[in-house]
Amino acid sequence: MTDSPLLALYHSLNAHYGDLEWWPADSAFEIAVGAILTQNTDWRNVEKALGNLKSANVLSIEAILETSTDQLEMLVRPSGYFRMKADRLKHLCEFLELNSFDALKKMGRDQARGRLLSVKGVGPETADDIVLYALDIPSFVIDTYTRRLLERFGLYSSKLKYPVLQAAFHQQLPEDASLFKQYHALIVEHAKVSCRKKPLCESCVLKDTCPQII
DNA sequence: AGCCAGGACTGAG
DNA sequence: CTCAGTCATGGC
């Protein structure tokens, strides 16, 4: 029984990079906040913003809701789009006030994901970040790195819609939150060390171990 | 000195 | 519904 292409790709990435321990955070709430802050933003800038929130003791639902918009904007500024993100964090916290992580987890994937998507500023990727890493429910995250990787390996066009690409992962992988977490982490890690422009790097670390794909 | 980052929303056609 | 425009700081 040979692996499906996406599972084979996972094994290759995993063999090279090993366990990556994602998502770095001290709580489910910090993960949700990070998911908003990292939208189209380098994680290193997100860390600065999270650090500001922690230093100001503003990393909780109540604290964010009580903090003035101006103050919140100042704190999240290093992560970019600071006005928009401050606003999105407010919306997220209003939502979490009524829907605890515990309650969301009990709803199951589709329900929880659907509720999250109703929050202004939470799109498909952010919702999946939260469902997967904060709720520990297997829902695969499709980001720009994922699209680029699939495109390069000739597996799926990066133009395909989010649900289509996600379905491919869901069909080809065992329904395992730990595996989904690690896979997404591996994709991002690989993106950081691989070149951005070439269709497929000659020095790609997967070249030797993923012959079925390359 | 540009280019780009772990997206999502909006308005136009 | 498809798609360009918009939002913004910091690293390399």
Side-chain angles (χ1 to χ4, degrees), chain A residues 9-10 13 17 19-25 28-53 55-56 69-95 113-136 138-152 156-166 169 177 179-199 201:
Chain A
L9 181 55
Y10 170 76
L13 286 165
Y17 298 104
D19 290 339
L20 295 177
E21 311 242 342
W22 263 37
W23 185 297
F29 181 67
E30 184 176 338
I31 291 172
V33 170
I36 295 286
L37 296 180
T38 197
Q39 290 171 354
N40 201 36
T41 300
D42 191 295
W43 184 256
R44 283 168 293 187
N45 289 339
V46 176
E47 286 182 316
K48 298 176 191 297
L50 283 173
N52 287 344
L53 292 172
S55 301
T69 298
D70 285 343
Q71 178 66 10
L72 192 56
E73 286 178 357
M74 297 258 316
L75 296 172
V76 302
R77 192 177 203 151
S79 69
Y81 307 111
F82 61 91
R83 295 186 189 87
M84 208 175 52
K85 285 177 177 174
D87 191 53
R88 290 181 179 180
L89 287 180
K90 291 276 194 184
H91 286 294
L92 176 70
C93 289
E94 286 171 9
F95 171 80
R113 190 173 189 276
R115 296 267 187 125
L116 285 163
L117 285 174
S118 73
V119 180
K120 196 166 301 179
V122 176
E125 185 187 335
T126 306
D128 285 325
D129 281 337
I130 297 172
V131 171
L132 179 58
Y133 291 100
L135 302 181
D136 200 34
S139 195
F140 206 87
V141 177
I142 307 295
D143 65 349
T144 55
Y145 292 154
T146 309
R147 291 175 181 278
R148 188 150 71 211
L149 189 65
L150 295 176
E151 175 87 32
R152 279 186 190 186
Y156 298 94
S157 165
S158 58
K159 295 174 187 169
L160 290 172
K161 307 255 177 227
Y162 193 103
V164 175
L165 292 172
Q166 187 181 48
F169 282 92
L179 189 150
F180 282 26
K181 291 179 185 177
Q182 170 70 358
Y183 202 161
H184 177 61
L186 287 166
I187 289 171
V188 175
E189 180 60 26
H190 179 65
K192 289 177 181 174
V193 305
S194 67
C195 49
R196 293 195 305 276
K197 297 181 180 175
K198 295 181 184 174
C201 289

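Just so it is clear, the model here is predicted, and its values are computed rather than measured. Every chain is numbered from 1, with letters handed out A, B, ... down the list of sequences.
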Participant: Is A:K159 close enough to C:dT2 that one of its side-chain N or O atoms is under 4.0 Å from OP1 or OP2 there?
Facilitator: no
Participant: Specify the separation, in whole Å, of atom CG of A:N52 and atom C1' of C:dT9.
Facilitator: 12 Å
Participant: Side chain of A:N45 only, please: which of C:dG11, B:dA8, C:dC7 is the nearest?
Facilitator: C:dG11
Participant: Do the side-chain N and O atoms of A:D143 and A:T146 include a donor-acceptor pair separated by under 3.5 angstrom?
Facilitator: yes
Participant: Counting any heavy atom closer than 4.0 Å, what does A:T126 reach on the DNA or RNA strands: base, sugar-phosphate only, or nothing?
Facilitator: sugar-phosphate
Participant: To the nearest Å, how far apart are A:R77 CZ and C:dG10 P?
Facilitator: 8 Å
Participant: Quick check on B:dG7: is either OP1 or OP2 less than 4.0 Å from any side-chain nitrogen or oxygen of A:T38?
Facilitator: no
Participant: Which residue lies toward the 5' end of DNA chain B, A:G121 or A:V188, if each is placed at its nearest nucleotide?
Facilitator: A:V188
Participant: Could you check whether any side-chain heavy atom of A:V33 comes within less than 4.5 Å of a side-chain heavy atom of A:L89, counting everything from C-beta outward?
Facilitator: yes
Participant: Tell me whether A:E151 contacts the main-chain N or O of A:S158 through its side chain, where contact means a donor paired with an acceptor under 3.5 Å.
Facilitator: yes
Participant: Under 4.0 Å, heavy atoms only, any strand: does A:Y81 hit a base, just the sugar-phosphate, or nothing?
Facilitator: base
Participant: Using only side-chain N and O atoms of A:R44, determine if any of them is under 4.0 Å from OP1 or OP2 of B:dA5.
Facilitator: no
Participant: If we take the C1' atom in both B:dG2 and C:dA8, what is their distance in whole Å?
Facilitator: 16 Å
Participant: Rounded off to whole Å, could you give me the CG-to-P distance for the A:L50 and C:dT9 pair?
Facilitator: 18 Å
Participant: Specify the separation, in whole Å, of atom CD of A:Q39 and atom P of B:dA8.
Facilitator: 5 Å
Participant: Can the ring centroids of A:F140 and A:Y183 be said to lie less than 6.0 angstrom from one another?
Facilitator: yes
Participant: Send over the distance from A:M84 CE to C:dG5 P, rounded to a whole Å.
Facilitator: 17 Å
Participant: Would you mind reading off the distance between A:W43 atom CH2 and C:dC12 atom P, rounded to a whole angstrom?
Facilitator: 17 Å
Participant: With a 4.0 Å cut-off on heavy atoms, is A:T144 in touch with a base, just the backbone sugar-phosphate, or nothing at all?
Facilitator: sugar-phosphate
Participant: The side chain of A:N40 is closest to which nucleotide in this list: B:dA8, C:dG10, C:dA8?
Facilitator: C:dA8
Participant: Would you mind classifying the nucleic acid contact of A:V122 as base, sugar-phosphate or nothing, using non-hydrogen atoms under 4.0 angstrom?
Facilitator: sugar-phosphate
Participant: Take atom CG of A:D87 and atom C1' of B:dC9, then tell me their distance rounded to the nearest Å.
Facilitator: 12 Å
Participant: Could you check how far NZ of A:K85 sits from C1' of C:dT9, rounded to whole Å?
Facilitator: 9 Å
Participant: Strictly below 4.0 Å: does A:K161 bring a side-chain N or O up to OP1 or OP2 of C:dT2?
Facilitator: yes
Participant: Looking only at heavy atoms, what is the nearest atom pair of A:I31 and A:D129, with distance?
Facilitator: CG2-O, 4.4 Å
